[in-house]
Asks: 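Right, I'll just put the structure down here and ask away after.
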Protein chains: 2
Amino acid sequence: MQNKKITIQDIANYTNISVGTIDRVIHKRGKVSPDKRKKIEEAIDKLNFNPNLLARTLALGKDFFVCVLIPTETYPGQYWSLPKRGIEDAGAQFKDFGIITKRYLFNLFDESSFIAQTNSILDLNPDGVILAPLFTKESSLFVEKLKERNIPYVFIDSNIPELDSLSYIGPDVKQSGFIAARLLNSVIRSDKKALILNMFKGIENSSALSQIEAGFRNYYKENGINGSNIQVLTINSTDKEIVFRELTKFYIKNKEITGVFVTNSEAHLVAEFHTLHEINIRVVGFDLVKENIGGLKLGGIDYVISQSPVQQGYRALQTLFKLFLYKESPVKIQYVPLDIIIKENVDFYIDFYSQT
Amino acid sequence: MQNKKITIQDIANYTNISVGTIDRVIHKRGKVSPDKRKKIEEAIDKLNFNPNLLARTLALGKDFFVCVLIPTETYPGQYWSLPKRGIEDAGAQFKDFGIITKRYLFNLFDESSFIAQTNSILDLNPDGVILAPLFTKESSLFVEKLKERNIPYVFIDSNIPELDSLSYIGPDVKQSGFIAARLLNSVIRSDKKALILNMFKGIENSSALSQIEAGFRNYYKENGINGSNIQVLTINSTDKEIVFRELTKFYIKNKEITGVFVTNSEAHLVAEFHTLHEINIRVVGFDLVKENIGGLKLGGIDYVISQSPVQQGYRALQTLFKLFLYKESPVKIQYVPLDIIIKENVDFYIDFYSQT
DNA sequence: TTCATTCGTGTGTGCGAACACATATTTTAT
DNA sequence: ATAAAATATGTGTTCGCACACACGAATGAA
């Protein structure tokens with residue numbers, strides 16, 4: 001493995017060219033004669049020189065401000081505490097390198113809070129932004145201004161391809177629907193009825209939902225299962241009482257449902273409903289939130305699909321870090337693993353990522 | 001947010017004492033008069049001074065040698081390339097901090113190669129060791145010497161609790177068997193016969209195998225399934241021809257098998273056998289090696305359980321890094337996630353961890 | 001009292017890279 | 001041909017810290 005560390009001085013000695021000139025080719029700063037440039041580039045390549053990040057950071061003395069725009073967690077153990085943790089982990093690791101992060105939280109059900117925060121961010125004029133572009137129109141406006149100022153931004157959790165972020169780090173939502181269908185069909189007979197249950201209040205970006213549903217249906221198509229076995233119910237709330245009422249209503253009319261796919265992180269609500277009424281319907285849901293962990297353990301939820309939330313946050317900040325300090329451009333799309341969580345492996349996911 | 005970073009010089013200005021003396025109290029080096037010491041300590045406290053880790057590392061110029069003792073990749077397939085990658089990733093990230101890693105590869109089927117490498121490592125007298133303690137007795141001897149010299153060592157992949165490593169980073173093997181049973185029973189009827197298939201040549205640590213089997217049986221017990229549905233076959237080779245022959249022999253005598261759990265990373269062999277002979281038997285196996293990925297995609301393997309191999313390597317080196325530079329002691333056991341891999345999510349695992 | 005220790009303290013150099021500035025070399029204009 | 005402009009390259013300082021070294025003052029032994 002790599003033993004000696006090569007420094008600029010080593011390159012200078014090797015090529016008989018001063019460190020200043022070498023610095024110029026590294027940073028593409030100033031003019032350098034073609035032959036020297038070539039010689040230097042070859043030497044860098046041959047000796048496998050990589051600038052010492054510590055020295056670079058120290059000499060630069062520059063701070064990089066990164067603003068993080070994500071939803072508030074209405075209560076702890078909520079979904080968004082996980083990407084947040086990933087960002088914090090990365091932040092701790094990179095803080096000596098001058099990376100300073102600042103969180104801007106918005107209300108998931110209130111675009112105006114989102115807009116307000118984007119304005120605060122623009123006031124600070126940071127070096128980079130991490131955001132969950134959950135409001136399409138507002139995100140578009142925001143991003144436009146970032147672009148004007150040449151501020152790089154990465155999307156997490158959900159993507160808007162047209163907005164051309166530096167990178168998207170999050171799930172392949174369509175595939176997540178596909179997997180949900182596969183998992184659900186492994187616990188119900190595929191000639192039985194399945195329910196896709198959407199719950200939301202306010203105006204979340206519904207394109208994700210339709211993508212998920214498309215993926216789900218796709219599984220049926222590809223496996224020659226009758227798509228009319230799929231029913232869809234949309235409840236305009238996540239309030240327990242309302243959800244229970246709507247579910248009751250629905251189940252009375254549709255007694256033949258044997259499995260439910262809950263398209264948000266509230267699968268535990270459905271599980272609770274089933275348990276309460278001693279209904280034997282299988283459940284597949286999303287996200288490793290506290291209540292779903294409970295649901296898995298109690299058996300009311302069969303599968304949870306988790307989209308590597310902690311890594312999303314970590315990777316997002318890491319992506320900016322690499323851009324700032326190495327000028328390394330990331331790939332445009334970084335799909336995260338879609339973890340299949342069951343009662344038997346859930347603890348490992350919790351524990352492993354909570355030890356920093 | 002923290003505004004200004006306080007430096008030693010700031011303390012010097014504030015107290016009207018030279019940086020040399022301040023350095024002395026920070027490092028408890030040399031003599032300092034009580035009144036100055038007090039003044040300095042107060043200033044450090046008041047201004048909340050924290051030494052800049054980058055500058056410190058740079059100035060110290062100290063290297064930390066870490067030896068990595070893992071099997072060569074010749075067999076089983078590519079598995080060990082994954083932990084290796086994790087270590088390399090971490091190595092790249094920490095190299096500027098003076099972490100220097102060196103690999104020592106041993107032959108999985110030859111203890112003497114293991115012993116030889118442990119001797120080389122002892123010759124180098126490193127600051128830390130990462131090892132896969134696959135040979136119990138030899139590892140014990142090695143570790144004893146490390147202990148004498150106060151060299152910290154972390155285990156990956158497989159644990160020997162008695163040997164009291166700094167930390168173990170790897171799977172909960174028993175639980176992995178349990179999960180395998182659950183997954184297999186989700187694709188076969190649990191009143192049907194299942195086969196646990198062990199394959200190995202040479203002297204791998206068989207305690208892992210028996211743990212896995214115990215976990216598998218445990219699932220049956222806990223779920224009230226008749227344990228006599230489980231059969232066990234052990235083949236003393238991973239050679240395709242021999243495996244095929246033994247499988248043929250076994251299947252002829254045991255026609256009622258509907259599912260196989262392969263306890264090493266050679267599930268693809270079994271899948272291939274089934275395909276070749278057009279046998280409809282479901283397969284669950286371990287490890288995301290190339291051939292198993294193929295097996296998943298072709299459908300011959302239903303589930304693969306992957307034990308976060310890349311993270312194992314990464315976390316192992318990270319653990320030593322934190323010990324060296326922050327004097328931070330890790331938790332004794334760091335179980336990694338047991339990922340459930342299916343055809344539909346396999347690509348995400350491959351891609352996400354190959355982009356460094 | 002004198003010289004040698006010991007103690008207490010300040011100064012200077014180096015770690016590797018970035019950047020400003022100074023200097024050398026070539027090109028262009030007159 | 002020569003000055004001016006443009007280009008190419010080298011030098012020196014800085015970042016924050018660790019550590020070696022220098023040097024004066026206090027202490028002790030003779």
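Per chain, numbering begins at 1; letters A, B, ... match sequence-line order.
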Asks: Does A:Ser33 place a side-chain N or O at less than 4.0 Å from the phosphate oxygens OP1/OP2 of D:dT9?
Replies: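 Yes, within the criterion.
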
Asks: Separation of A:Asp35 atom CG from D:dA8 atom C1', in whole Å?
Replies: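 From A:Asp35 CG to D:dA8 C1': 10 Å.
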
Asks: So how far off straight is the helix from C:dT1-D:dA30 to C:dT30-D:dA1, going by the axes through five pairs at either end, to 10°?
Replies: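 Comparing the axis at each end, I get an angle of 60°.
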
Asks: What is the distance from CG of A:Asp63 to C1' of D:dC15, rounded to the nearest Å?
Replies: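 Answer to the nearest Å: 13 Å.
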
Asks: Roughly how many Å is it from CG in B:Asp96 to P in C:dG16, rounded to a whole number?
Replies: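 To the nearest whole Å, that distance equals 11 Å.
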
Asks: Detail all sub-3.5 Å separations between protein N/O atoms and N/O atoms belonging to nucleotides 17-24 of chain C.
Replies:
residue	atom	partner	partner atom	Å
C:dA17	OP1	A:Asn52	N	2.9
C:dA17	OP2	A:Ile8	N	2.5
C:dA18	OP1	A:His27	NE2	3.0
C:dA18	OP1	A:Arg56	NE	2.4
C:dA18	OP1	A:Arg56	NH2	2.8
C:dA18	OP2	A:Asp23	OD1	3.3
C:dA18	OP2	A:His27	NE2	2.8
C:dA18	O5'	A:His27	NE2	3.4
C:dC19	OP2	A:Arg29	NH1	2.6
C:dC19	OP2	A:Arg29	NH2	3.0

Asks: Please walk me through it: do A:Val129 and A:Val143 pass side chain to side chain contact (heavy atoms under 4.5 Å, CB included)?
Replies: CA-CA 10 Å; A:Val129 174; A:Val143 151; over 6 Å; no

Asks: Measuring centre to centre across the rings, with the benzene-like ring taken for any Trp, is A:Phe352 within less than 6.0 Å of B:Tyr335?
Replies: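 Ring centres of B:Tyr335 and A:Phe352 not closer than 6.0 Å.
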
Asks: Quick one: A:Leu325 CG to C:dG16 P, roughly how many Å, whole number?
Replies: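 After rounding, the gap between these two atoms is 18 Å.
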
Asks: Sub-3.5 Å donor-acceptor pair from the side chain of A:Arg149 to the main-chain atoms of A:Leu122, do we have one?
Replies: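 Yes: the side chain of A:Arg149 pairs with the backbone of A:Leu122.
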
Asks: From CG of B:Leu58 over to P of C:dG14, roughly how many Å is that when rounded to an integer?
Replies: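 Going from B:Leu58 (CG) to C:dG14 (P), I get 14 Å.
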
Asks: Of the candidate nucleotides D:dC15, D:dA8, C:dT9, which contains the atom at the shortest distance from the side chain of B:Val32?
Replies: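 Of the options given, the side chain of B:Val32 lies nearest C:dT9.
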
Asks: Just so I know, are the side chains of A:Val66 and A:Asp127 near enough to count as touching, which here means a heavy-atom distance under 4.5 Å?
Replies: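 No - every pair of side-chain heavy atoms lies 4.5 Å or more apart.
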
Asks: If I take atom CG in residue A:Asn13 and atom P in nucleotide C:dG16, what distance separates them, rounded to the nearest angstrom?
Replies: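 Roughly 12 Å, once rounded to whole Å.
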
Asks: Is the A:Phe155-A:Tyr168 ring centre distance short of 6.0 angstrom?
Replies: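 When the ring centroids of A:Phe155 and A:Tyr168 are compared, they turn out to be at least 6.0 Å apart.
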
Asks: Does D:dT9 have OP1 or OP2 under 4.0 Å away from a side-chain N or O of A:Ser18?
Replies: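 No, A:Ser18 has no side-chain N/O under 4.0 Å of OP1/OP2 on D:dT9.
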
Asks: Do B:Asp96 and A:Arg56 meet the salt-bridge criterion of a basic N to acidic O distance under 4.0 Å?
Replies: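 B:Asp96 and A:Arg56: not salt-bridged.
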
Asks: Give the rounded distance in Å between these two atoms: NZ of B:Lys5 and P of D:dC15.
Replies: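 Going from B:Lys5 (NZ) to D:dC15 (P), I get 13 Å.
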
Asks: Is it the case that atom NZ in B:Lys62 sees more than 12 heavy atoms from other parts of the structure closer than 6.0 Å?
Replies: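 Yes, NZ of B:Lys62 has more than 12 neighbouring heavy atoms, counting only those of other groups under 6.0 Å.
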
Asks: Rounded to the nearest Å, what distance is computed from the NZ atom of residue B:Lys95 to the C1' atom of nucleotide C:dG16?
Replies: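 Nearest whole value for this atom pair: 12 Å.
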
Asks: Contact class for A:Ile17 vs. all strands (heavy atom < 4.0 Å): base, sugar-phosphate, or nothing?
Replies: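 Sugar-phosphate, no base atom in range.
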
Asks: Would you please confirm or rule out a distance under 4.0 Å between OP1 or OP2 of C:dT9 and any side-chain N or O of B:Lys36?
Replies: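 Result: yes.
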
Asks: Do A:Ser167 and A:Lys332 have side chains that get closer than 4.5 Å, going by heavy atoms?
Replies: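 SC-SC contact between A:Ser167 and A:Lys332 ruled out.
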
Asks: Is there side-chain contact between A:Thr319 and A:Gln334, with at least one heavy-atom pair below 4.5 Å?
Replies: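 A side-chain contact exists here, since the closest heavy-atom pair is under 4.5 Å.
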
